[in-house]
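Structure record follows, encoded as structure tokens.
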Amino acid sequence: MPDIATAPLRLTLPDGAVREVPPGTLPREVVLSIGERLLNAAVAVSVDGVVQDLRTPLRHGGAFRVHTDKDPESLPVLRHSAAHILATAVRRVRPDAHIGFGPAIDEGFYYDFEVATPFTPEDLAAFEAEMRKIMAEKLPFERAEVSREVAKTVFADDPLKLERIDDLGLDEIISTYTDGPFVDLCRGPHVPHTGWLKHVKLQSVAAAYWRGDSNRQSLQRIYGTAFWKKDELEQHLHRIEEAKKRDHRRLGKELDLFLFHPFSPGAAFWTERGTSMINSLHSYLREMQRDGYQEIKTPLLYNKALWEISGHWGKYKENMFLVLDNETGEHDISLKPMNCPSHHLMFAAKKHSYRELPLRYSTYDVLHRNELSGALSGLTRVRQFQQDDCHIYLMETQIADEVHRLVEMILGYYRTFGLTARLKFATRPEQRIGSDEMWDNAEAALRGALESTGLPFELKVGDGAFYGPKIDFDVMDSIGRAWQLGTIQLDYAAPDRFDLTYTGEDNTAHRPVVIHRAISGSFERFMGILIEHFAGAFPVWLAPEQIRVVPIVDDYATEARAAVTRMRAAGLRATCDDRNETLNYRIRESELMKVPYTAVVGKREAADGTLAVRVRGADGKKQEILSVDDFLTRVLEEVRTRALPDLSFLPEPTD
RNA sequence: GCUGACGUAGCUCAAUUGGCAGAGCACCUGAUUUGUAAUCAGGCGGUUGCGAGUUCGAUUCUCGCCGUCAGCUCCA
């Protein structure tokens, strides 16, 4: 047991009042002294922001706060306790199970078990039932602080816990928590007793390596979640269901945007509709880069000599698709996993003047990365993709301006989609190339440029690329999920490796600096994000089919087709659905395909040269009768401004 | 890659203990000529992912392969 200093601890309450208590005082006593009702509602307390439970002796003074189920700090405590209750249940039902770790996580909790035979979904149901019993039993969570020797005795039958104990530092307090028959090595904090848990749901079971190490044994991990209130749990589960409905894999099929085939896992087949969307994205980017960018194309296959120069052969070979060279019989050719080396070759192929800098190469070339088969997932993790990639060669003095300009451009691009981004500044990682001096320069330059934008950013120490620091853009979509998309990476190493030079004002050779930057990350993943963000109801400029014209009966098909012809001539993507089906049927299909405008032509419209325009998702309420000209003007304006759709009209996706 | 679950018509899903593989939608044909989210009738469509094995008989059981999905430290 570590020494506890004897000087009284000063606790400052939120109202400014100060309590002095002897070290080792239990928080519950402090809370009780504030009020009995508060104690009944208290889940945990925090001292200077560090959350602990009511039965962990106080060791430090500081800002003292009491957390009830209203406070965000309390939810992880509840979920951590839920994890223990799960372990308690599993041990009752399957006494042979060894216990691993069981923490609270963002959306709930998990617990790892080592068992001879994997759990089944039926086991999960049995565990959940047992958990309910344990919750009804209101078993107190008893905390004990024990010596290393005692801990080892308690967990003599749990090898995973023993290993954990051995990892603990000598000065760390070893504590255990007991609820009923179950003892766990645990730092806490926990709720007072198992009855505090009311709304728990076990969600899935999957394998997880012990300590995430694929060389270690595989454990069974059970995921679950818990909430204070029933409707919170139900809402959470409902949100998961809703997210499934806008899953891009499902919508991609329903909206006929792309498909996958087992003969080329991890590579999308884009349908006409999906291709149309990607082309719209391309045009937008080209428009943004009209000024000062050179779009180029470079080969897809390279001799390994290039990868040896770039360093990929040593650091990235596992992820590259190697190709057999028939003449040498060796796999010494590779599909490119990145564009940078080929751009550097392009740069090095000519003499460059300082007057040309910054020189910006952009490309949409296809890249291949050999991701683990188990890592593939829809459009978000693929083996073949296109980046909106760009490499900028510049002088060090130009970095600040350029980065400033890039940040604005990238944020502007996201804004077009109604996406907001958070910036992260990532510094030198442990595994890196280049001298410390180089890193000092690079980090200072990039950071200075970032600060000049005046935007808030988060510092990610050690998260940089191996060749330089970077700014990452994490984008939040319409349902609050974060995706890492854009990146601005400073590279002092590649110019050396590729011996890149430009001729300066002084007529001697100088090293340029390289900036790698991507905006969408990859078009594949960006499409996946857009599909989910808009739930398939894309802005007009992006929608693969912008207008569907529907004649009520054959008699007006001529007028309908004439309208479509005019729309197409104006550069819009319009179709005519004059199939022999009922009007309702065709309207329904147009709505299901999320076509922004369905223009109906009946007797009146045919006579007047008008269209009855139905707006997607508005339930027919926003219909307007417009002349073809007025309608065209309006849609063209929406396309020109890349107007965002009114997402409040977003219908619940249909099953 | 590893662990588990899954793979039946273009799509979404059925099929008792192993016993003739079905439905809806889509598609095709015909009828119907429709005013804002599914008109009616008929028809086409499958060597049940692929390959072995067990069995009188396999969608069903076993094994291998392919693919899909979930997960693979947010540290007791």
Side-chain angles (χ1 to χ4, degrees), chain A residues 76 79-80 83-84 87 99-112 117-121 151 155 158 160-168 172-177 184-188 203-223 244 247 249-250 253-254 256 259-266 318 370-378 550-557 578 580-593 598-605 612-623 651 654-655:
Chain A
R79 287 170 172 173
H80 187 186
H84 275 232
I99 48 176
F101 293 171
I105 53 176
D106 282 351
E107 302 267 283
F109 62 89
Y110 68 77
Y111 211 108
D112 286 343
T117 52
F119 295 140
T120 63
F155 297 102
D158 277 304
L160 304 178
K161 292 289 177 188
L162 290 177
E163 185 180 327
R164 175 65 199 149
I165 292 168
D166 284 334
D167 289 345
L168 287 169
E172 286 188 73
I173 294 162
I174 301 179
S175 58
T176 64
Y177 277 82
D184 199 353
L185 177 71
C186 178
R187 186 170 52 189
Q203 290 163 300
S204 62
V205 57
Y209 297 110
W210 172 233
R211 308 205 132 175
D213 183 347
S214 56
N215 297 314
R216 304 293 303 267
Q217 68 266 50
S218 181
L219 308 179
Q220 286 286 300
R221 173 170 298 179
I222 297 177
Y223 283 91
K244 274 187 200 158
D247 188 316
R249 291 168 296 196
R250 172 190 176 132
K253 206 180 280 174
E254 288 175 2
D256 192 27
L259 49 101
F260 285 92
H261 193 280
F263 287 172
S264 189
E318 294 289 299
N370 197 354
E371 303 287 350
L372 291 178
S373 58
L376 301 178
S377 178
V550 182
I552 290 178
V553 291
D554 279 351
D555 303 0
Y556 318 117
D578 55 2
N580 180 14
E581 296 287 350
T582 60
L583 179 65
N584 279 343
Y585 179 93
R586 287 172 292 159
I587 297 269
R588 175 180 151 81
E589 187 154 290
S590 188
E591 287 283 356
L592 288 178
M593 291 304 281
T598 306
V600 177
V601 179
K603 191 176 179 182
R604 296 191 294 270
E605 291 78 14
V613 177
R614 183 189 163 106
V615 179
R616 169 185 60 198
D619 222 8
K621 290 190 189 95
K622 271 194 152 181
Q623 170 161 292
T654 319
D655 292 80

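Reminder, nothing fancy here: chain letters follow the sequence lines and each chain counts from 1. This is a predicted model, so every value here is computed, not measured.
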Whole angstroms only, please: what is the [atom1]-[atom2] distance between [X] and [N]?
{"X": "Arg249(A)", "N": "G67(B)", "atom1": "CZ", "atom2": "P", "value": "17 Å"}
{"X": "Leu583(A)", "N": "U36(B)", "atom1": "CG", "atom2": "P", "value": "7 Å"}
{"X": "Tyr585(A)", "N": "C25(B)", "atom1": "OH", "atom2": "P", "value": "10 Å"}
{"X": "Lys253(A)", "N": "U12(B)", "atom1": "NZ", "atom2": "P", "value": "4 Å"}
{"X": "Ile174(A)", "N": "A76(B)", "atom1": "CD1", "atom2": "P", "value": "14 Å"}

Any donor-acceptor pair under 3.5 Å linking the side chain of Arg586(A) with the backbone of Pro551(A)?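 The answer is yes, because a donor-acceptor pair under 3.5 Å joins these two groups.
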Taking the minimum atom-to-atom distance to the side chain of [X], which one of [options] wins?
{"X": "Arg221(A)", "options": "C2(B), U73(B), U34(B)", "answer": "U73(B)"}
{"X": "Asn584(A)", "options": "A76(B), U39(B), G67(B)", "answer": "U39(B)"}
{"X": "Arg187(A)", "options": "A70(B), A76(B), G71(B)", "answer": "A76(B)"}
{"X": "Arg614(A)", "options": "U73(B), A37(B), G71(B)", "answer": "A37(B)"}
{"X": "Pro262(A)", "options": "C72(B), G67(B), U36(B)", "answer": "G67(B)"}
{"X": "Ile552(A)", "options": "G35(B), C74(B), G1(B)", "answer": "G35(B)"}
{"X": "Arg164(A)", "options": "A76(B), G35(B), A37(B)", "answer": "A76(B)"}
{"X": "Asp554(A)", "options": "C2(B), U33(B), G35(B)", "answer": "U33(B)"}

Less than 4.5 Å apart, any side-chain heavy atom of Trp210(A) and any of Leu219(A)?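 Trp210(A) reaches Leu219(A) side chain to side chain.
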Taking the six-membered ring of Phe109(A), is the NZ or CZ of Arg79(A) close enough (under 6.0 Å from the centre) and on axis enough (within 45°)? no
Counting only Watson-Crick or G-U wobble pairs whose two distances fall under 3.5 Å, which nucleotide matches C27(B)? G43(B)
Base-pairing assignment for C50(B) (Watson-Crick or G-U wobble, both under 3.5 Å):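 Result: G64(B).
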